[in-house]
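Have a look at the structure below, then the notes.
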Amino acid sequence: MSIAVAPAVVLERSVPMAGAVELVLSHPPSAVAVGPGQFFQLAVSAPHTILRRPYSAAWSDPAGGRIGFIFNVVGTGSAWLAARDEGDELDLLGPLGRGFDLEGQRPAICVAGGLGVAVFPGVVQALIARGRNVIVLQGARTAAQLLPASRFPGADVHVATDDGSAGHRGSVVDLFSNLGEGQSGGIDILTCGPTPMLTALIDVAHRQAIPLSDIQVALETPMGCGIGTCLGCAAPRAAGGYFLTCQDGPCVRADRIEWELMTDGFHG
Amino acid sequence: MSIAVAPAVVLERSVPMAGAVELVLSHPPSAVAVGPGQFFQLAVSAPHTILRRPYSAAWSDPAGGRIGFIFNVVGTGSAWLAARDEGDELDLLGPLGRGFDLEGQRPAICVAGGLGVAVFPGVVQALIARGRNVIVLQGARTAAQLLPASRFPGADVHVATDDGSAGHRGSVVDLFSNLGEGQSGGIDILTCGPTPMLTALIDVAHRQAIPLSDIQVALETPMGCGIGTCLGCAAPRAAGGYFLTCQDGPCVRADRIEWELMTDGFHG
Amino acid sequence: MASMAERPDLKVDLGRGLHLRSPVIVASGTFGYGFDAPQVDRAALGAIVSKGTTLRPHEGNAPIRIAETPSGMLNAIGLQNPGVDHVAHVYAPQWATWDLPVIVNVAGDSVDEYVAVARRLNGVPGVAGLELNISCPNVQSGLQFGVDPVLAAEVTHAVRAVTELPLIVKLTPNVTDIVAVARAVEDAGADAVSAINTYVGMAIDVRRRRPIISRGSGGLSGAAIKPLALHAVWQLAAEVHIPVVGVGGIMTPGDALEFLLAGATAVQLGTVNYVRPQAAAEIHDGIAAYMVQHGLTDMRALPIRSVSVLTHV
Amino acid sequence: MASMAERPDLKVDLGRGLHLRSPVIVASGTFGYGFDAPQVDRAALGAIVSKGTTLRPHEGNAPIRIAETPSGMLNAIGLQNPGVDHVAHVYAPQWATWDLPVIVNVAGDSVDEYVAVARRLNGVPGVAGLELNISCPNVQSGLQFGVDPVLAAEVTHAVRAVTELPLIVKLTPNVTDIVAVARAVEDAGADAVSAINTYVGMAIDVRRRRPIISRGSGGLSGAAIKPLALHAVWQLAAEVHIPVVGVGGIMTPGDALEFLLAGATAVQLGTVNYVRPQAAAEIHDGIAAYMVQHGLTDMRALPIRSVSVLTHV
Ligand SMILES: Cc1cc2nc3c(=O)[nH]c(=O)nc-3n(C[C@H](O)[C@H](O)[C@H](O)COP(=O)(O)OP(=O)(O)OC[C@H]3O[C@@H](n4cnc5c(N)ncnc54)[C@H](O)[C@@H]3O)c2cc1C
Ligand SMILES: Cc1cc2nc3c(=O)[nH]c(=O)nc-3n(C[C@H](O)[C@H](O)[C@H](O)COP(=O)(O)OP(=O)(O)OC[C@H]3O[C@@H](n4cnc5c(N)ncnc54)[C@H](O)[C@@H]3O)c2cc1C
Ligand SMILES: Cc1cc2nc3c(=O)[nH]c(=O)nc-3n(C[C@H](O)[C@H](O)[C@H](O)COP(=O)(O)O)c2cc1C
Ligand SMILES: Cc1cc2nc3c(=O)[nH]c(=O)nc-3n(C[C@H](O)[C@H](O)[C@H](O)COP(=O)(O)O)c2cc1C
Ligand code: FES
Ligand code: FES
């Protein structure tokens, strides 16, 4: 594993959907090394902050040496990141952690809630490149907060919005629930989103007798280091005790997680 | 006294001399209210800083609602300020303190060392506007670090550099010393610069029997509040005890200062 | 922001008749004697605490008196103040005309000095209460009154005996067990405690190879200390029966709410007054908005003491 | 930056044969057991201190374990570690092949547990020394060993009796008088002290109305505490005769120099390892450059004890 600590340069800043920012960085080693679902620790020079901030790579373009991040502003660090512009330098540490396991040939369903969608452009691209059938289920508050379907070329995209302004009115888990019924012949489920959404999804899986081992979750816990030294990113393990989200995750099979103990720490 | 706490907008950023930055802000109330030698407390959003930073107004244009600041990068706060650009907002508190006393008709000599020159464009302009004869003595390390004489229209500008790359090779106090001898018939001296330069100037004044009350010094001490509430900006008073640089100064007559106790805290 | 109509009641009671219209107080040493800082919106304030006041005038320490540290500042002002007579003669009569209570922060080197200052201020119109600053370093024993429950109780008791004014004792955090000190001053007659005063810290100028602050060390205040002050208040609120006034690193409405949720009856703003004079108003309004949002109508509903969590690492 | 030719001698001596090639050490809990963080340039390091190790394995606390605060972070990891047997069997043999000493940070609930861990590590190749973490909260009395000079001396003395390894005692700052604790452990046989461990602090999630850290409180580390840690080191260096290892908020070469000027023999980097893995190398080189610039050839010339300044506010 080659983890770089190196300055990257911002090539582009855009607004991929309402309330979010996408930064495209030039950083050839990371663009080559990163796998779908891995993350980076981005240094921020914001007032009063001290820690780096973890962000999934949204996608990477190894040939062009480019890598993309999609995020929203929730506090000081993300506000600072959102103010970066073309030509600015960003110090990134990574790629870190374990990404999604994309092996196999079964159809894959990606279930994204809110900013959880940020991890999926690269994941979907990699799945499609492997010749797999991909369904993307995306949920957001309103239509404007959806990442456009054009960001998932080759995938079958369905959306849900809280206010019904696009697609199904309600949660993305409803969508999954409806779809799931018909698909019980072996699918891989990849998901990222707020904890309440994840636990709802797990409930549906239980009801539909979908093995939790078929579900991979991209977890988000608070992180100190991102590299396994602070032990701050513990998440409850089904087998008892804790695993480290930054080393054993962030992408973890759902049967490894003790869902009863999952704290609603983030994306709340 | 009307002290505003209000965001100003950066109209222009330039490099007036090597190693310095000049920001021109749009802020009509301050541009009108500020007197020569007064200062503002500028808020900075730099990592790990908490206090505002004190800066003299370099000049103001009341009609145009503009005000200028000239500074160099010495630490985190000034680095953040130096990175501001056109269109950015800056939160300023002021004008604060007592400026120079420009009353009278005698010739005036402005003696500036290093970034101490930053306070003088507006001061010289105001002196000239009052019909006074003005000599500007400016010292810097090299020619490139001198504020161009064109910034002092109407004044007679002499310069000194440490490396002799412009004007007198040596200190600005030498220049003053030479000039002073001939001028003993009553002049007003206004000065700003590093403490060692100020104490050297005071020595020359003693030698040439120039009354210290003819010298006004723009002092720079660390400041907490800038408004008289923290008592952090104490400077030693000739009469014993301390005065507050932010309220009783920053422009103070040299006979009010206990020079023996002056700490070389700044511009060192 | 809460509209006037739905604005909840922000009144708080610090004991012995010290009722404040707002839980937002400005802390000692950061607001002078109330005559500077016209930028602060006084309508948002519940009270002003004056600069530490001693029996005789003090010049304060030689410069350099302050230094910035990460998210904080060190100060060693040295209790520069005009002395209690000036305060009683010149300042108090003006305070008496205000609609905002002024609490005098009292400092001293000995029990006798504290008592003398308190006696001088007793019954003086314009003085709404006393805050005993028991973190002065120069008592005979070399210790601060505030680090020893016995000494702290002694000075509190002696002052209590000579004043009818509401008496807040301001605790120092530079102790192993702040609760023990608080209990001692509660028993000795304090009407409330404020927590905390500054943490002893230091900064060194490596270029000049000497401490930046002329006295060597100074007191650390500002955002940096917020988690420490908050923990002190959380512990105190659980253990003493008199009101706890939270102070230390409060810069935002969220910070103030942390202290109120931890059990503080009111909060004091210190360092932030230097930086954002508008903070007092923002914090006042932020508390009101939070209460509306959470359906709370009374300040006493804010604390989360019911949640049982451990308080040690 | 100093060129190789003029590079001064950065060796330091922590006592009982613990000679380090560099004064830059990585602090316990911020570098695991030395197998992670490949980004850190080990050539810059004088030693590694392991995660706190107990007799039996520990799962650690439930999430949430960390929270950011202004210029700092709170942690309540709960001593998650694989237990001393695993350390002795699996890790130590690998350490024995390194050219970098590894010091094991030892934690426990009772004197017996400390002693058992120390005994287990005595004579194990690869273990270069012990650092006694006496800031564990769960001893019978409810107090930490580290806040009571008597208890601190007792555990130090007991461990000293069972080990020939260099013994550093890591002090807690959550005390009225850190010097008294240091003197006690010096007398009880410590070869050095490290100062300081974290300060007890807290953060509250006002939206969810509960403490952020699952245990309620946590230990504060990072830049925010630097002035406090520096003051502790300054006091200790003047009062104890064994080496003082400075730790707390060191992020830059300038920060490390502040501690060395204050009298620390070496420094430990904690939180900064999470943020800027290159810090260790920068700090090593920065110290070297400073020494060249000031014409110093030996680390012992750094302290500025000669300057007589007061150390209280
Ligand atoms: C492995 C990993 C990958 C991630 N990938 C992405 C991504 O691709 N896009 C994206 O937008 N976000 C992502 N996140 C979340 C992102 O790290 C946080 O939103 C960010 O750290 C918040 O920093 P801040 O300084 O803006 O907020 P802070 O000021 O630190 O916190 C502000 C508020 O946000 C809450 N908060 C703190 N951490 C998080 C969090 N992890 N998620 C949500 N709220 C939080 C706090 O409780 C607080 O209320 C990821 C997190 C992890 C652990
Ligand atoms: C009334 C007043 C007016 C001023 N006007 C100007 C001006 O017009 N132009 C200008 O360039 N500067 C001016 N200064 C100095 C300016 O305030 C400081 O340079 C600035 O505060 C440093 O902030 P920083 O965050 O960059 O440095 P910090 O990170 O705070 O400090 C970095 C280094 O600079 C030193 N330092 C700290 N304060 C000062 C200081 N006051 N002066 C010099 N070095 C300092 C520190 O000791 C430290 O070594 C003025 C100061 C005062 C009190
Ligand atoms: C410059 C300065 C002077 C202070 N003077 C006093 C004082 O005279 N008496 C007192 O009890 N506290 C004094 N304090 C402490 C504050 O009242 C407050 O307890 C402390 O600063 C922590 O709050 P903060 O972090 O909000 O500033 C002073 C603080 C500062 C920064
Ligand atoms: C996440 C974390 C875990 C820690 N674990 C330990 C530990 O196991 N034993 C110990 O003695 N100190 C531990 N510490 C304290 C550090 O070693 C150090 O004393 C403290 O963090 C102050 O230094 P810093 O500000 O440079 O981080 C830990 C600190 C952190 C942040
Ligand atoms: S974030 Fe530090 S161990 Fe995972
Ligand atoms: S800077 Fe605060 S009193 Fe002058």
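The sequence lines fix the lettering, A, B, ..., with proteins before strands; numbering per chain opens at 1.
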Against chain A, label [X] side chain, backbone, both or neither, depending on which of its atoms sit under 4.5 Å from a heavy atom there.
X: D:Thr69; value: backbone
X: D:Ala67; value: neither
X: D:Ser71; value: both

Check your understanding: Is any side-chain heavy atom of A:Tyr242 closer than 4.5 Å to a side-chain heavy atom of D:Glu59?
Key ->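 A:Tyr242 reaches D:Glu59 side chain to side chain.
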Check your understanding: Does any non-hydrogen side-chain atom of A:Thr229 lie less than 4.5 Å from one of D:Asn273?
Key ->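 No, their side chains stay 4.5 Å or more apart.
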Check your understanding: Rounded to the nearest 0.5 Å, how far does SG of A:Cys230 lie from CD1 of D:Ile66?
Key ->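 Here the interatomic distance stands at 4.5 Å.
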**Study point:** Interatomic spacing from CG in A:Leu51 to OG1 in D:Thr271 - rounded to 0.5 Å
**Key:**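 Interatomic distance, A:Leu51 CG to D:Thr271 OG1, rounded to 0.5 Å: 7.5 Å.
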Review point. Taking non-hydrogen atoms and a cut-off under 4.5 angstrom, which of residues 84-95 of chain D neighbour chain A?
Key: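 Counting heavy atoms that sit under 4.5 Å from chain A, no residue of residues 84-95 of chain D is involved.
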Review point. Within residues 39-49 of chain A, which positions have a heavy-atom distance to chain D below 4.5 Å?
Key: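 When heavy atoms of chain D are the reference, residues 39-49 of chain A contributes A:His48, A:Thr49 within the under-4.5 Å range.
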**Study point:** For A:Arg253, salt bridge (charged side-chain N to carboxylate O under 4.0 Å, His left out) partners two or more places apart
**Key:**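 By the salt bridge (charged side-chain N to carboxylate O under 4.0 Å, His left out) rule, A:Arg253 matches A:Asp101.
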Exercise for review: For residues D:Asp36 and A:Gln247, report the shortest heavy-atom separation together with the two atoms involved.
Suggested key: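 Looking at all heavy atoms of both residues, the closest pair is OD1-NE2, 3.2 Å.
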Review point. Taking all non-hydrogen atoms of both residues, which atom of D:Val275 and which atom of A:Arg52 are closest, and how far apart?
Key: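 Shortest heavy-atom contact: O-NE, 2.5 Å.
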Review point. Which one of D:Asn81, D:Thr30, D:Ile77, D:Leu79 satisfies the side-chain contact (heavy atoms from CB on, under 4.5 Å) criterion with A:Leu231?
Key: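 When D:Asn81, D:Thr30, D:Ile77, D:Leu79 are each tested with A:Leu231, the side-chain contact (heavy atoms from CB on, under 4.5 Å) holds only for D:Ile77.
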Practice item. Give the member of A:Gly228, A:Ala234, A:Gly226 that has the highest number of heavy-atom pairs under 4.5 Å with chain D. Key: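 Ranked by contacts with chain D, first place is A:Ala234.
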Would you list the atom pairs, donor with acceptor, under 3.5 Å between side chains in residues 196-206 of chain A and any protein atom, with sequence neighbours excluded?
unit_1   : atom_1 : unit_2   : atom_2 : d
A:Thr199 : OG1    : A:Thr195 : O      : 3.2
A:Thr199 : OG1    : A:Pro196 : O      : 3.0

Point to revise | Best-contacting candidate, D:Gly32, D:Ala223, D:Pro70, against chain A by heavy atom pairs under 4.5 angstrom | key: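 Of the options given, most contacts go to D:Pro70.
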